[in-house]
Amino acid sequence: QMCIRDRLTPEAVRNMPALFGEKDVIKSLAAIPGIKFFGDGSTIFYVRGGGRDQNLITIDEAPIYNPTHLLGFFSTIVPDAVKDVQVYKGDFPANYGGRLSSLIDIRTKDGNMNHFGFDGSVGLLSSRLSLEGPIWKEHISFFISGRRSYITKPVQQFNPRVNDLHFSDLHMKLNYDINPNNRVFLSIYSGVDNFEQQNNPEQSSGINWRNSTYTLRWNHLYSERLFSNLSILGSTYDYYLNTDIVANNYWHSHVDNVSIKYDFTWYFKPSSTLRFGVLSAAHFYNPGNYYRQGQEFDPGLDLSTKRSRELAAYVSNQFIINEKLSIRAGLRFTAWQN
């Protein structure tokens with residue numbers, strides 16, 4: 001296989017032009033060949049002619065289902081929280097699966113083990129602040145980054161019926177270096193979008209969506225050539241169409257999953273790297289149902305919730321032939337049960 005992979009660094013993101021001065025990780029992908037955006041200023045993108053739902057975006061391995069704010073004008077990833085971005089187009093290593101067009105693998109910062117630090121900015125549409133430092137020097141560190149928009153007041157100048165219009169993001173990470181052979185980290189992300197409009201003195205309506213992910217990973221070194229990652233991953237997405245906020249009437253759809261992965265990497269020769277692992281996942285879906293006064297209401301179009309299980313196993317080997325040529329051969333088995 002030919003590996004079609006690109007890498008974005010935080011420095012590259014900061015140096016790119018930005019709409020209203022708001023740096024954006026997803027929009028920075030426009031600099032990579034083969035990626036086309038829906039329009040100027042949009043974070044909705046297509047890779048080599050594929051559909052937008054064929055792109056997998058992960059934060060510390062956990063998938064995020066709707067990585068947009070303000071109907072696609074901003075992405076959910078705070079630039080200050082990003083340590084590294086790997087972009088795979090048209091070819092995926094065997095340890096990845098789930099989409100056809102691309103994988104955007106985002107890893108967040110671990111936090112400084114020895115010194116406290118902070119970073120932040122005040123923009124036209126939002127402000128952000130990041131903090132990091134040691135909890136136990138050289139053993140436990142933390143990183144936290146948050147962002148909050150303040151768009152409501154400017155929008156009210158054009159439409160006074162708008163009660164609220166904002167988005168927010170929060171990244172948190174704990175990193176525990178137990179000993180030279182064991183390391184554990186916990187990564188959490190939460191993002192919210194909210195729009196509320198006053199229809200009349202007694203009724204308001206709006207839309208709201210929420211993303212959250214979490215990753216708990218244990219990294220273990222068995223030897224200088226063999227190490228493993230045991231990860232527990234979770235993702236949740238909720239969408240609300242509020243027809244009457246005071247009366248608590250709304251339409252709600254929901255999707256979430258919980259996964260456990262065990263990955264191994266074995267450098268058994270200087271010219272060969274063997275990777276293998278297994279995955280087990282549970283998926284839950286509510287396609288969308290209506291609720292009146294907070295209770296589920298059946299108007300004759302009730303859609304039942306769905307559950308499914310996923311199992312996967314993979315093995316791959318990368319052979320280095322010379323400085324300019326390598327070959328990666330892999331096999332992935334996936335089973336899906338509704």
If you measure only the distance, is there a donor-acceptor pair under 3.5 Å linking the side chains of N208 and N194?
yes

Once you round to the nearest 0.5 Å, how far does OH of Y285 lie from OG of S253?
13.0 Å

Walk me through whether I321 and I327 qualify under side-chain contact (heavy atoms from CB on, under 4.5 Å).
CA-CA 8 Å; I321 298 175; I327 296 175; 3.5 Å; yes

Any non-hydrogen side-chain atom of S149 less than 4.5 Å from a side-chain atom of F74?
no

Rounded to the nearest 0.5 angstrom, the CG-OG distance for D164 and S204 is 10.5 Å

Taking the side chain as every heavy atom from C-beta outward, state whether H171 and I144 have any pair of such atoms under 4.5 Å apart.
no

Check whether more than 12 heavy atoms from other residues, nucleotides or ligands sit under 6.0 Å from atom CZ of F116, and answer yes or no.
yes

Go through the steps to decide whether T58 and L103 satisfy the test side-chain contact (heavy atoms from CB on, under 4.5 Å), and finish with yes or no.
CA-CA 8 Å; T58 61; L103 165 68; 4.2 Å; yes

Given the rule in the side-chain contact (heavy atoms from CB on, under 4.5 Å) test, do Y150 and S127 qualify, once you have shown the distances and angles that lead to the verdict?
CA-CA 8 Å; Y150 31 76; S127 295; 2.9 Å; yes

Any heavy-atom pair between the side chains of Y189 and T108 that's under 4.5 Å?
no

Determine whether more than 12 heavy atoms belonging to other residues, nucleotides or ligands lie under 6.0 Å from atom CH2 of W218.
yes

Exercise: do N257 and Y65 side chains pair donor with acceptor under 3.5 Å
yes

If you count every heavy atom of other residues, nucleotides or ligands that lies below 6.0 Å from F268 atom CZ, does the total exceed 12?
yes

List the steps, then state whether side-chain hydrogen bond (donor to acceptor under 3.5 Å, both in side chains) holds for N55 with S102.
CA-CA 5 Å; N55 303 312; S102 72; 2.8 Å; yes

Residue of the set N179, N182, N181 for which side-chain contact (heavy atoms from CB on, under 4.5 Å) holds with L221
N181

Would you indicate whether the side-chain heavy atoms of L230 and N219 approach each other to under 4.5 Å?
no

Passes side-chain hydrogen bond (donor to acceptor under 3.5 Å, both in side chains), R309 versus Q337? Steps please.
CA-CA 5 Å; R309 286 188 291 269; Q337 181 183 17; 2.9 Å; yes

If we count only N and O atoms by modelled type, under 3.5 Å, do the side chains of N249 and T243 hold a donor and an acceptor together?
no

Nearest heavy-atom pair of E132 and F143: which atoms, and what distance?
CB-CD1, 3.7 Å

Please check if any side-chain donor atom of N66 sits under 3.5 Å from a side-chain acceptor atom of T68, or the reverse.
yes

Strictly below 4.0 Å, N to O, side chains only: are D80 and R128 in salt-bridge contact?
yes

Is it true that N242 and Y250 share a donor-acceptor pair across their side chains at a distance under 3.5 Å?
no

Between Q198 and N163: side-chain donor-acceptor atoms closer than 3.5 Å:
yes

Heavy-atom closest pair (E196 atom, I245 atom, distance to 0.1 Å) is CG-CD1, 3.3 Å

Can you tell me which residue among P134, S187, S141 is in a side-chain contact (heavy atoms from CB on, under 4.5 Å) with N175?
S141

Taking the side chain as every heavy atom from C-beta outward, state whether F167 and I151 have any atom pair closer than 4.5 Å.
yes

Please determine whether a side-chain nitrogen of the Lys or Arg among D169 and R147 lies less than 4.0 Å from a carboxylate oxygen of the Asp or Glu.
yes

Evaluate the criterion side-chain contact (heavy atoms from CB on, under 4.5 Å) for residue pair F45 and I104; output intermediate values, then yes/no.
CA-CA 12 Å; F45 65 95; I104 315 298; 4.0 Å; yes

Using only heavy-atom distances, determine whether the side chains of N199 and S205 contain a donor-acceptor pair under 3.5 Å.
yes

Centre of F297's six-membered ring, under 6.0 Å away, within 45 degrees of the axis: is that where NZ or CZ of R292 sits?
yes

Donor-acceptor side-chain pairing of D238 and H252 below 3.5 angstrom
yes

S145-S130 side chain donor-acceptor pair, cut-off 3.5 Å
yes

Nearest 0.5 Å, please: how far is CD1 in I188 from CG in L170?
8.5 Å

For N338 and W336, which I'm curious about, is there any donor-acceptor pair between the side chains at under 3.5 Å?
yes

So, are K261 and E61 salt-bridged, with charged N and O less than 4.0 Å apart?
yes

Distance-minimising heavy-atom pair for F37 and I26:
CZ-O, 3.0 Å

Parallel, tilted or perpendicular: which one describes the rings of Y262 and F264, with boundaries at 30° and 60°?
tilted

Measure the shortest side-chain to side-chain distance between K89 and I32 over non-hydrogen atoms and say whether it is less than 4.5 angstrom.
yes

How long is the straight-line distance from CD of Q197 back to CZ of R161, given to the nearest 0.5 Å?
4.0 Å

Do Y96 and Y314 have side chains that get closer than 4.5 Å, going by heavy atoms?
no

Side-chain heavy atoms of V315 within contact of L274, under 4.5 Å:
yes

How many angstroms lie between CG in L279 and OG in S259, if you round to the nearest 0.5 Å?
5.0 Å

Could you list all the salt bridge (Lys or Arg N to Asp or Glu O under 4.0 Å) pairs where at least one residue sits in residues 171-191, not counting sequence neighbours?
D60-K173, D110-K173, D177-R183

